[in-house]
Amino acid sequence: MGKKKKNRIPDGPAEPFCEHFEMCGGCTYQRFDYEGQAVEKLKKVQELMAEAYPDGFPLETVLASPRRTGYRNKMEFSFGDMEKDGPLTLGLHQRGSFFNVVPIYDCRIVDSDYRAILWATMQYFRESGIPYVHKKTHEGVLRHLLIRKSVATGEILVALVTSSSGISITKNESPDWEPDWIREYAERLKILDLYGTIAGILHIINDSLADVVQSDRTVLLYGKDWIEERVLGLSFKITPFSFFQTNTTGAEVLYSVVRDYIGDVSGMTVYDLYSGTGTIAQILSPTAKQVVGVEIVEEAVEAARENAERNGLTNCEFIAGDVLQVLEDLTEPPDVMVLDPPREGIHPKALPKLLSYGVRHFVYVSCKPESLARDMGPISEAGYIPVKAVCVDMFPWTKHVETCVLLSKTGA
């Protein structure tokens with residue numbers, strides 16, 4: 001067991017810069033300097049793609065994240081303890097443990113405002129004696145702390161996630177019905193000395209047995225329930241559960257690559273599939289005839305429509321539904337496509353339909369190179385070859401990297 005745990009952390013020559021490194025399950029690449037981890041990430045993707053596409057995959061570099069520390073714009077922290085019946089902790093799960101939670105008060109992939117809010121929250125609830133939800137018994141109150149912060153505006157959104165234990169959910173969604181300790185917690189946050197500004201504080205009720213952040217009921221305790229972020233000159237409204245790249249400055253690098261790869265779309269119909277909140281669609285829309293975004297998460301689609309309206313874009317259509325099913329109902333085929341699927345890649349039944357459009361070229365954005373490597377088989381069989389490819393480091397100090405590929409149809 002010990003050997004397996006050790007193998008989770010790649011060997012490297014650098015000294016980890018975070019004091020939580022040995023315990024936290026997060027940044028496993030800290031034994032490399034920044035240039036060294038880029039080499040490791042590139043090597044991993046190159047090996048996968050060489051096996052999947054032996055004719056020669058044109059991947060030669062990793063584009064750096066503009067921010068190497070403090071780059072995350074969203075964090076979900078868990079309540080728990082470090083040992084059975086120990087003091088309350090708030091942070092991330094210990095490496096290799098489902099139960100223990102490391103209080104990462106010096107985490108370096110977030111900025112100081114996250115650390116200040118985390119520390120103040122943990123101290124308040126240690127003083128209050130309110131228990132966290134135990135994973136075995138599902139008894140308790142405190143579950144998660146969700147923080148989002150805009151790079152462009154400095155706005156901060158804080159959401160305390162609890163169970164409904166001892167909290168009435170039959171009343172209306174007003175802070176007047178909230179327990180005193182929740183309202184007192186919100187007041188504690190409002191007086192923190194931060195570089196950014198707290199734009200909103202929410203209380204989210206979640207009674208799911210799964211260890212995920214979701215809402216059965218949300219109460220706005222203070223301010224508003226969204227923040228504004230800006231990417232490549234466009235404005236985006238970010239709510240607690242909006243899908244948005246967690247590295248804003250890195251996203252600008254990635255989306256610039258997509259825009260460059262896709263080229264001139266004047267007068268064209270563009271499909272942005274697995275579109276999330278429609279960021280890529282809106283970046284491409286100013287010169288396109290029409291952009292159609294398809295996303296299965298309805299809240300993301302609603303956000304995409306609202307953001308397109310905020311940006312004055314009238315040629316964007318966003319459809320909620322599974323890509324495979326929605327494509328059957330679309331009557332105008334695309335001239336070009338952007339595919340940005342979730343980690344598991346494109347559904348095997350959806351990929352033949354996408355390839356049947358026969359577009360001259362399309363861009364595939366992958367957050368998991370294993371999925372891209374798997375999908376390269378049917379893509380190459382359909383007559384597409386990789387013309388350009390690059391990795392974009394969206395997650396410094398972790399093993400993860402985004403890969404962006406331009407694929408063109410042979411003979412087109």
Side-chain angles (χ1 to χ4, degrees), residues 38-65 232 245 247 250-265 268 270-276 279-281 283-284 288 291 293-294 323 334-348 350-395 399-412:
V39 170
E40 288 296 312
K41 293 179 181 184
L42 181 62
K43 179 183 177 182
K44 175 184 175 182
V45 180
Q46 285 177 328
E47 290 175 349
L48 283 168
M49 301 317 299
E51 184 176 348
Y53 192 79
D55 292 338
F57 196 79
L59 176 63
E60 298 181 355
T61 190
V62 177
L63 300 182
S65 171
L232 296 177
Q245 290 285 359
N247 181 342
E252 291 196 318
V253 175
L254 176 65
Y255 295 152
S256 294
V257 171
V258 172
R259 187 168 59 185
D260 176 62
Y261 278 11
I262 211 73
D264 183 10
V265 293
M268 294 184 180
V270 181
Y271 279 8
D272 176 16
L273 305 179
Y274 312 94
S275 57
T279 314
I280 293 176
I283 289 170
L284 297 177
V291 181
V294 181
V323 166
D335 298 299
V336 68
M337 299 184 297
V338 177
L339 313 179
D340 189 5
R343 291 187 60 78
E344 59 268 23
I346 301 170
H347 194 286
L351 192 52
K353 175 64 177 180
L354 298 175
L355 297 173
S356 71
Y357 288 122
V359 297
R360 293 180 60 185
H361 66 276
F362 68 93
V363 172
Y364 190 137
V365 181
S366 172
C367 59
K368 185 178 181 182
E370 291 85 354
S371 298
L372 173 62
R374 181 204 66 206
D375 291 342
M376 276 303 301
I379 288 173
S380 59
E381 289 174 5
Y384 288 91
I385 61 172
V387 178
K388 299 179 183 178
V390 69
C391 288
V392 180
D393 187 20
M394 301 285 285
F395 314 99
K399 66 180 181 179
H400 303 292
V401 69
E402 297 270 339
T403 308
C404 185
V405 187
L406 171 64
L407 296 129
S408 291
K409 195 168 185 63
T410 55

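With 3.5 Å as the limit, one finds no donor-acceptor pair spanning the side chains of Ser275 and Asp340.
Across Cys404 and Val258, no two heavy atoms sit closer than the pair SG-CG2, 3.9 Å. Of all the heavy atoms in Val62 and Ala38, the pair that sits closest is CG2-O, 3.7 Å. Closest non-hydrogen pair, Met376 versus Leu407, comes out as SD-CD2, 3.9 Å. In this structure, Arg259 and Leu284 approach most closely via the heavy-atom pair CA-CD2, 4.1 Å. Pairing each heavy atom of Ser65 with each of Asn247, the nearest pair is OG-ND2, 3.0 Å. When every heavy atom of Tyr261 is checked against every heavy atom of Val405, the shortest pair comes out as CD2-C, 4.1 Å.
Atom OH of Tyr364 sits about 8.0 Å away from atom OH of Tyr274, to the nearest 0.5 Å. From Leu63, atom CG reaches atom SG of Cys391 across 8.5 Å, with rounding to the nearest 0.5 Å. The line from CG of Leu406 to OG of Ser408 is 4.5 Å long, rounded to the nearest 0.5 Å. Atom NE2 of His347 and atom CG of Leu354 lie 12.0 Å apart (nearest 0.5 Å). The CE atom of Met337 sits 9.0 Å away from atom CD1 of Ile262, with the distance rounded to the nearest 0.5 Å. Of the inter-residue distances, the one linking Glu402 atom CD with Met394 atom CE reads 5.5 Å to the nearest 0.5 angstrom.
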Side-chain donor/acceptor pairs under 3.5 Å, residues 40-49, sequence neighbours excluded:
{"unit_1": "Lys41", "atom_1": "NZ", "unit_2": "Asp393", "atom_2": "OD1", "d": "2.7"}
{"unit_1": "Lys41", "atom_1": "NZ", "unit_2": "Phe395", "atom_2": "O", "d": "3.1"}
{"unit_1": "Lys41", "atom_1": "NZ", "unit_2": "Thr398", "atom_2": "O", "d": "3.0"}
{"unit_1": "Lys41", "atom_1": "NZ", "unit_2": "His400", "atom_2": "O", "d": "3.1"}
{"unit_1": "Gln46", "atom_1": "NE2", "unit_2": "Leu59", "atom_2": "O", "d": "2.8"}

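Looking only at distances, no side-chain donor or acceptor of Ser366 sits under 3.5 Å from a matching main-chain atom of Thr403. Of the possible polar contacts, one joining the Asp272 side chain to the Ala281 backbone as a donor-acceptor pair under 3.5 Å is found. Remark: side-chain polar atoms of Glu252 are paired, donor with acceptor, to backbone N or O of Leu232 under 3.5 angstrom. Proximity of a side-chain donor or acceptor of Arg374 to a complementary backbone N or O of Ala52 within less than 3.5 Å is not detected.
Two residues are said to be in side-chain contact when any heavy atoms from C-beta on lie closer than 4.5 Å; Tyr384 and His361 fail this criterion. At a threshold of 4.5 Å between non-hydrogen side-chain atoms, the residues Cys367 and Arg343 count as touching.
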Criterion side-chain contact (heavy atoms from CB on, under 4.5 Å) on Asp335 and Val270, from CA distance to verdict: CA-CA 6 Å; Asp335 298 299; Val270 181; over 6 Å; no
Given the rule in the ring pair (Phe, Tyr, Trp, His ring centres under 6.0 Å) test, do Tyr357 and Phe362 qualify, once you have shown the distances and angles that lead to the verdict? CA-CA 11 Å; Tyr357 288 122; Phe362 68 93; over 10 Å; no
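Scored by the side chain to side chain contact (heavy atoms under 4.5 Å, CB included) test, Ser380 finds Tyr53 as partners (sequence neighbours excluded).
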